[in-house]
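Scroll down for the structure; my scribbles are underneath it.
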Amino acid sequence: MYPSIHFPKNIYNLDLTKIFDELRPYKYVVVKVEVPYMPKYFPIIYPIGKDLDIFSTREDFHKVNKVLLDFSKKYNNVFSIKTIEEVKNFRIRMEKYNQLYYQLDNSVNDEELPTFL
């Protein structure tokens with residue numbers, strides 16, 4: 001068992017706000033934004049070792065995945081990027097020293113998303 005690596009706060013400065021700018025045309029929701037570990041100023045400040053959980057509609061699922069993938073490619077020189085593709089779930093693990101730094105996670109929501117979207 002290896003000791004866990006503790007990264008200083010946001011040492012690699014992922015600009016998660018860019019993801020939300022790119023996602024504007026699509027129907028999605030972000031979940032777990034009100035959990036105790038989520039910083040008050042998310043997405044400017046984000047919890048290291050956690051993930052961004054998105055539920056998107058079936059019609060926008062692949063488009064949202066592309067946004068996430070394009071975002072992660074900007075950090076290819078900083079992180080080891082691992083993509084995990086399943087029928088209703090797409091994850092991108094951004095790892096450093098074999099430890100999760102941040103994960104982007106999109107799932108298809110077969111239920112209707114809230115009508116305010």
Side-chain angles (χ1 to χ4, degrees):
M1 184 89 170
Y2 296 102
S4 76
I5 295 170
H6 299 284
F7 297 102
K9 279 192 173 182
N10 300 1
I11 189 171
Y12 300 108
N13 294 321
L14 297 176
D15 189 356
L16 298 180
T17 61
K18 298 236 185 261
I19 291 175
F20 294 109
D21 289 342
E22 296 295 321
L23 289 178
R24 284 181 192 206
Y26 309 118
K27 292 181 180 175
Y28 72 94
V29 293
V30 175
V31 296
K32 294 197 291 190
V33 290
E34 294 184 11
V35 293
Y37 59 79
M38 192 62 69
K40 179 179 180 181
Y41 297 105
F42 175 82
I44 296 165
I45 300 172
Y46 51 88
I48 310 275
K50 300 292 184 184
D51 60 349
L52 172 63
D53 287 313
I54 298 171
F55 283 113
S56 60
T57 61
R58 184 172 297 285
E59 65 247 10
D60 287 338
F61 178 67
H62 294 290
K63 296 171 193 167
V64 170
N65 292 348
K66 183 175 179 347
V67 168
L68 300 179
L69 190 58
D70 289 348
F71 175 82
S72 72
K73 287 179 181 178
K74 296 174 188 171
Y75 297 94
N76 270 339
N77 61 336
V78 177
F79 299 106
S80 169
I81 307 291
K82 297 179 182 177
T83 59
I84 302 155
E85 295 184 59
E86 297 172 357
V87 175
K88 293 183 178 183
N89 181 261
F90 180 75
R91 293 184 303 267
I92 299 172
R93 291 181 59 85
M94 303 171 93
E95 296 181 355
K96 194 75 171 177
Y97 312 113
N98 292 320
Q99 296 280 320
L100 178 65
Y101 182 78
Y102 205 70
Q103 180 168 289
L104 307 171
D105 188 346
N106 180 33
S107 297
V108 169
N109 186 356
D110 284 331
E111 311 268 327
E112 265 191 57
L113 292 177
T115 55
F116 58 84
L117 293 179

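None of the values given here were measured: they were computed from a predicted structure.
- Under the salt bridge (Lys or Arg N to Asp or Glu O under 4.0 Å) criterion, Lys73 pairs with no residue at all, not counting sequence neighbours.
- The two residues Val108 and Phe55 make their nearest non-hydrogen contact at O-CD2, 4.4 Å.
- Taking NZ of Lys50 as the reference point, atom CZ of Phe42 lies at 13.0 Å (rounded to 0.5 Å).
- Remark: Arg93 CZ to Gln99 CD distance equals 9.0 Å, nearest 0.5 Å.
- Distance alone, capped at 3.5 Å, is enough to place a donor-acceptor pair between the Asp60 side chain and the Lys27 backbone.
- The side-chain contact (heavy atoms from CB on, under 4.5 Å) test with Leu104 singles out one residue from Ile19, Leu14, Ile81, Asp51, and that residue is Ile19.
- Atom-to-atom distance recorded for Ile54:CD1 and Leu68:CG is 5.0 Å, nearest 0.5 angstrom.
- For Glu95 against Asn98, the heavy-atom pair with the smallest separation is OE1-CA, 4.2 Å.
- The CG atom of Asp70 sits 11.0 Å away from the CG atom of Asn65 when rounded to the nearest 0.5 Å.
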| request: With side-chain contact (heavy atoms from CB on, under 4.5 Å) as the test, would you mind laying out the steps for Tyr26 and Val67 before giving the verdict? | output: CA-CA 10 Å; Tyr26 309 118; Val67 168; 4.0 Å; yes
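- By the ring pair (Phe, Tyr, Trp, His ring centres under 6.0 Å) test, Tyr102 pairs with Tyr46, sequence neighbours left out.
- Taking 4.5 Å as the limit, every side-chain heavy atom of Tyr101 sits out of range of all side-chain heavy atoms of Val78.
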Donor-acceptor pairs are to be reported for all side-chain atoms of residues 83-92 against protein atoms at under 3.5 Å, with residues two or more places apart or in another chain.
unit_1	atom_1	unit_2	atom_2	d
Lys88	NZ	Asp110	OD2	2.4
Asn89	OD1	Arg91	NH1	2.7
Asn89	ND2	Asp105	OD1	2.7
Asn89	ND2	Asn106	O	3.4
Asn89	ND2	Ser107	OG	2.7

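- In this structure, the separation between OG on Ser56 and NE2 on His62 is 9.0 Å, given to the nearest 0.5 Å.
- Atom CZ of Phe71 sits about 5.5 Å away from atom CE of Met94, to the nearest 0.5 Å.
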